[in-house]
2 protein chains.
Amino acid sequence: MEKVGSADLIRRETKKAQPLTRSPSNAQEHILAERKRREKLTQRFVALSALIPGLKKMDKASVLGDAIKHIKYLQESVNEYEKQKKGRTLESVVLVNKSQLVLDELHKLSPSFSDGNRDYSSSNLPGIEVRVSGKVVLIKIICEKQKGNLIKIMGEIEKLGLSITNSSLLPFGPTSDISIIAQKTGDFDMKVEDVVKSLSYGLS
Amino acid sequence: MEKVGSADLIRRETKKAQPLTRSPSNAQEHILAERKRREKLTQRFVALSALIPGLKKMDKASVLGDAIKHIKYLQESVNEYEKQKKGRTLESVVLVNKSQLVLDELHKLSPSFSDGNRDYSSSNLPGIEVRVSGKVVLIKIICEKQKGNLIKIMGEIEKLGLSITNSSLLPFGPTSDISIIAQKTGDFDMKVEDVVKSLSYGLS
DNA sequence: ACCAACACGTGAACC
DNA sequence: TGGTTCACGTGTTGG
């Protein structure tokens, strides 16, 4: 990366009396190496141009320019996707809080809680719904497909003092729709809100 | 992109007596233009290298190579993100809200529930929830335990142009908690609201 | 002294 | 017939 500019013309004249411009045997070797270098260069140029969609001009300059543009575009896309990803997990927390708010509002009226989320992005993460009928509890969860998720959920449920009597897992796209029936045991006296909260917390 | 190879040396010797190697006035202009071209080239090279993270060698060849590698990586990432997007559309979220709205509009149905405070064993109309993820549809229904209810529901679902792939029925007190996974077939293009409405109507 | 990488000037080809 | 792009050989420099 040394810029000689146009002032080296003079230098070249004066430097004519160098010991040897080039060793005669090495001369050919030099031009061969350079040839190989250029070859590799152009090869990479075509390889790069093949990765750029909708490339009109096959100019080296245009290839470089469009490559730059394309990389910027891709990077931007990736950043947006990542942003959305981050947003999702955050929404999940909000979602839980919201549901609890709803539950508190409807506290006496209906314990049924749907994971309705008004925000545009947050699609997943546990939608939790708990219903109670006498001593029977119905728990419905929609969560990411993950190894051991069901076991973890069941463990959490039984930890709460519930005895599972029925369970069902249906694969639904990238998520699993899990329904579980359980019986209250002994001194179980949790409110549904607490059940939802405990399960949400247990699945993080 | 014409390869002359090393055979042009002879040509150059024989072609010595060409009418015009170059117009004398144009000669300098030519080398100037070429200078400018190279200048632009190297400029784009540095611009490109600036976009590549973790670039060790500032070689032209390395810049091109790493640019290729990086573009491939980014493209792959974008593809994966897009793939995920396809699966978990925000459709499901919106649809859930919509379906709830429909339900609220039709009847403020609140499924049977007993918290100790109030007990709403409500209308004979079931609770219906529909989610869509790509070509897969998840239908959840809570309805009274009745003979042939499941069959009737399944019949209604298949009438709508859906193909059932999974189903689950869990007894929950006096009601049944039914979950069904179905695939869209052919020209199925109903909105979830209509699905909910049809099922509600079909179960009376 | 070698090797690798660069910029330069130049002739040719293609609109 | 200019204008633009290319590949080539060559001189030069830093490690």
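Because the structure is a prediction, the values reported are computed rather than measured. In what follows, every chain begins at residue 1, and chains take the letters A, B, ... in the order their sequences are listed.
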With a 3.5 Å cut-off and just heavy-atom distances, do the side chain of H30(A) and the base of dG9(D) make a donor-acceptor pair? no
Whole angstroms only, please: what is the NZ-C1' distance between K40(A) and dC8(D)? 18 Å
Atom NZ of K36(A) and atom C1' of dA4(C) are separated, to the nearest Å, by 14 Å
Just how far, in rounded Å, is C1' of dC8(D) from CD of E39(A)? 13 Å
Once you round it to whole Å, what is the distance between P of dC3(C) and CG of N26(A)? 7 Å
E29(A) has an atom CD; how far is it from atom P of dA1(C), in whole Å? 14 Å
Calculate the interatomic distance between L32(B) atom CG and dT10(C) atom P; express it in whole Å. 13 Å
Selection residues 162-171 of chain A - residue pairs positive for side chain to side chain donor-acceptor pair (under 3.5 Å), sequence neighbours left out: S168(A)-S168(B)
With pairs taken as Watson-Crick or G-U wobble and both distances under 3.5 angstrom, which stems of at least three consecutive pairs involve DNA chain C? C:2-15 with D:2-15
Does this structure show an ion pair linking D177(A) with R131(B), if we count only N-O contacts that are shorter than 4.0 Å? no
Could you give the distance from CG (L199(A)) to CD1 (I141(A)), rounded to the nearest 0.5 Å? 5.0 Å
Between N149(B) and E144(B), what is the shortest heavy-atom contact and its length? ND2-O, 2.9 Å
Between residues 59-67 of chain A and DNA chain D, which residues have a heavy-atom gap below 4.0 Å? D59(A), K60(A)
Take atom CZ of R35(A) and atom C1' of dA4(C), then tell me their distance rounded to the nearest Å. 17 Å
Do the side chain of T185(A) and the main chain of G161(A) share a donor and acceptor less than 3.5 angstrom apart? yes
Mutual orientation of the aromatic rings belonging to Y81(B) and Y81(A) [parallel < 30°, tilted 30-60°, perpendicular > 60°]: parallel
According to salt bridge (Lys or Arg N to Asp or Glu O under 4.0 Å), who are the partners of K60(B), at least two apart in sequence or on a separate chain? none
For L41(A) and for E34(B), locate the closest nucleotide of DNA chain C by heavy-atom distance; then report the residue assigned to the nucleotide nearer the 5' terminus. L41(A)
Would you be so kind as to tabulate the donor-acceptor pairs closer than 3.5 Å made by side chains of residues 68-76 of chain A, with sequence neighbours excluded?
none

Kindly point out which of dC6(C), dT10(D), dT5(D) is positioned nearest to the side chain of R37(A)? dC6(C)
For a quick test of reading the model: is some side-chain N or O of R38(B) closer than 4.0 Å to OP1 or OP2 of dC6(D)? no
Could you tell me which residues satisfy salt bridge (Lys or Arg N to Asp or Glu O under 4.0 Å) with K159(B), sequence neighbours excluded, listed by chain and number? E156(B)
